[in-house]
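Working notes for the structure below.
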Amino acid sequence: MNSLLKILSLTLALLIGSLQVGAANDFQPVTRIPSKAYYKKMRAKIPHLKGDQQIWQKWQFARWGALFNDSKWATQQLQDVIAAKPKFIDLNAVHLTLGRVYFQRQLFTEALKEYNQIGKGSDFWLEATEEKAWTYLRMGKIDQAMATNSTLLTPYFDRVISAEPFYLQALLKLSVCDYPAVLETTGLFKKRYKERVLNLESLAQNSSIDKNALALMQKASAGKITQTSLGEHTLHLPYNSHRDVILQNALHKNIPDQVFTRLSQLAREELKATQIIIRKLHVIEAEVIHRVHGAPKPSDKSPTIKVADSNTLVFSHDPKEIWIDELDDLNFGLKNCPGTKGQKL
């Protein structure tokens, strides 16, 4: 996770868009970053509100609290929202946000507990899984980070995730000196993202009618949009664009020009983020080349695998063989990276 503040600022609009149809329509989301003075003013008013209105404002301003370095207060508000169990807020979004706040406070065990509250059927599960992997990395649990992130790179998900899990996987493989796997990961990224980048470039340069945007509008008219309901159209639209609140407003009003313009803007933003990941992957590839061809030869000692006890069955792992019931339940045992003693990620 590059910076939690950056992640929060980039995804606040997406999380605001997680409201369920019903009472939530009576409330207005905060779609722009407020001034600190306005934030403090609204924060002071929240204790005087009652019922659903108070819960709603706690949900809205707890997220801004994380941005204004008011994380302890934000933590309490998010806990209150979860305890209230409001039907007009997707609690998966609240658990995800609380996990991020705990991560910001470096309370990694608590962050993992929140991420684990998000079920596989949730639209937020892929993000929670990625952030679990980053959390394990910060805890120094490389094997668990790699196992968790590997779930995202299975053929079930590797075409619908953002570019960052590919970078994380390459980084983790580099950390254990698995250089072939590093290059395999960067190769998979190029294969999976080539078509996606071309689709995004086309969308970014053209804000006119697009068949996938039209499909998005049709889905919106039929009810709540999820990644699952979008199906194959997800591959041609900006990552999580269906949860963008500005786009949702345009869809709700059925204004095609605004829909296409917003999608074009989101495509440009994703392209910029992807370009950053590509540069990072180039750095990792350069490091592999340096270690293999330019660095002193490592010792003959190979990485070892943890030995299972007598009560554990161990199956040989074929990365091409996927058992769907084992997704998000992989385990790797790793230690020793020969020839890199003293080096850090």
Side-chain angles (χ1 to χ4, degrees), residues 1-7 10-11 103 126-138 140-204 234-241 266-295 298 303 319-320 330 332 334 337-340 343-345:
M1 202 178 297
N2 297 331
S3 165
L4 190 71
L5 293 179
K6 179 180 177 183
I7 288 174
L10 287 175
T11 57
F103 186 97
L126 291 176
E127 290 164 88
T129 301
E130 177 189 340
E131 294 179 26
K132 278 169 58 178
W134 281 107
T135 303
Y136 281 128
L137 177 59
R138 288 293 303 272
K141 298 181 177 181
I142 303 297
D143 49 353
Q144 290 177 271
M146 193 178 300
T148 301
N149 198 61
S150 293
T151 295
L152 301 175
L153 299 186
T154 62
Y156 291 107
F157 307 122
D158 64 0
R159 297 176 66 199
V160 296
I161 57 176
S162 69
E164 193 153 319
F166 292 93
Y167 163 64
L168 175 57
Q169 191 76 351
L171 187 67
L172 291 168
K173 295 296 185 180
L174 179 67
S175 72
V176 296
C177 300
D178 191 349
Y179 304 137
V182 171
L183 300 179
E184 181 180 336
T185 300
T186 58
L188 177 63
F189 171 78
K190 295 169 187 176
K191 180 180 178 181
R192 289 289 184 258
Y193 255 73
K194 181 179 180 180
E195 181 181 357
R196 180 166 185 79
V197 168
L198 291 175
N199 291 333
L200 290 172
E201 287 177 343
S202 176
L203 189 58
T234 303
L235 308 178
H236 304 279
L237 294 168
Y239 181 62
N240 279 340
S241 57
L266 291 173
R268 289 192 293 271
E269 291 176 2
E270 183 174 342
L271 282 170
K272 289 181 180 179
T274 302
Q275 288 168 356
I276 293 173
I277 295 298
I278 290 173
R279 288 196 290 270
K280 291 180 177 180
L281 289 174
H282 285 163
V283 171
I284 290 178
E285 286 179 328
E287 177 64 16
V288 169
I289 293 171
H290 168 72
R291 290 191 186 182
V292 172
H293 298 289
K320 296 181 181 179
L330 302 174
F332 293 165
L334 305 165
C337 184
T340 59
Q343 294 187 17
K344 297 182 179 180
L345 291 176

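In this chain, numbering begins with 1 at the start of the sequence shown.
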Distance in Å, Leu168 CG paired with Ser150 OG, rounded so as to fall on 0.5 Å steps: 9.0 Å

For Ala170 against Thr185, the heavy-atom pair lying closest together: N-CG2, 3.9 Å

All side-chain contact (heavy atoms from CB on, under 4.5 Å) counterparts of Ile161, not counting sequence neighbours: Leu126, Leu152, Leu153, Phe157, Pro165, Phe166

Nearest heavy atoms of Ala145 and Ala133, plus distance in Å: CB-O, 3.4 Å

Minimum heavy-atom distance Ala267-Pro238, with the two atoms named: N-CG, 3.6 Å

Nearest-0.5 Å distance that lies between atom OG1 in Thr186 and atom NZ in Lys191: 13.5 Å

Derivation of the side chain to side chain contact (heavy atoms under 4.5 Å, CB included) call for Arg138 and Trp134: CA-CA 6 Å; Arg138 288 293 303 272; Trp134 281 107; 5.8 Å; no

Residues forming a ring pair (Phe, Tyr, Trp, His ring centres under 6.0 Å) with Tyr136, sequence neighbours excluded: none

Spatial distance of atom CZ (Phe189) from atom CD1 (Ile277) [nearest 0.5 Å]: 7.5 Å

Approximate separation, where rounding is to 0.5 Å, of Leu281 CG and Ile276 CD1: 12.0 Å

Salt bridge (charged side-chain N to carboxylate O under 4.0 Å, His left out) involving Glu270 - partner list, sequence neighbours excluded: Arg196

Within-4.5 Å side-chain heavy-atom neighbours: Ile278 and His282: yes

From OG1 (Thr135) to CD (Glu131), nearest 0.5 Å: 7.0 Å

Qualifying residues under salt bridge (charged side-chain N to carboxylate O under 4.0 Å, His left out), relative to Lys190, sequence neighbours excluded: Glu285

Smallest separation among heavy atoms of Tyr239 and Val160, with atom names: CE1-O, 3.4 Å

Residues Leu172, Leu137; criterion side chain to side chain contact (heavy atoms under 4.5 Å, CB included); working and verdict: CA-CA 8 Å; Leu172 291 168; Leu137 177 59; 3.8 Å; yes

From CA spacing to verdict: side chain to side chain contact (heavy atoms under 4.5 Å, CB included), Met146, Val176: CA-CA 10 Å; Met146 193 178 300; Val176 296; 4.0 Å; yes

Check: Thr154 side chain, Thr151 main-chain N or O, donor-acceptor pair, under 3.5 Å: yes

Closest non-hydrogen atom pair, Thr129 against Thr148: O-CG2, 3.3 Å

Set of residues satisfying side-chain contact (heavy atoms from CB on, under 4.5 Å) with respect to Ala128, sequence neighbours excluded: Leu96, Tyr115, Ile118

Partners meeting side-chain contact (heavy atoms from CB on, under 4.5 Å) with Ala273 (sequence neighbours left out): none

Test log, rule side chain to side chain contact (heavy atoms under 4.5 Å, CB included), inputs Leu174 and Arg291: CA-CA 10 Å; Leu174 179 67; Arg291 290 191 186 182; 3.8 Å; yes

Minimal non-hydrogen separation, His236 against Leu203, with atom names: O-CD2, 4.3 Å

Side-chain heavy atoms of Val182 within contact of Pro180, under 4.5 Å: no

Separation of Arg159 CZ from Thr234 OG1 (nearest 0.5 Å): 10.5 Å

Residues which pass side-chain contact (heavy atoms from CB on, under 4.5 Å) with Glu201, listed by chain and number, not counting sequence neighbours: Val197, Leu198, Gln205, Leu271

Partner residues of Arg268 under the side-chain hydrogen bond (donor to acceptor under 3.5 Å, both in side chains) criterion, sequence neighbours left out: Ser264

Option among Lys132, Gln169, Glu164 that satisfies the side-chain hydrogen bond (donor to acceptor under 3.5 Å, both in side chains) test with Asn149: Gln169

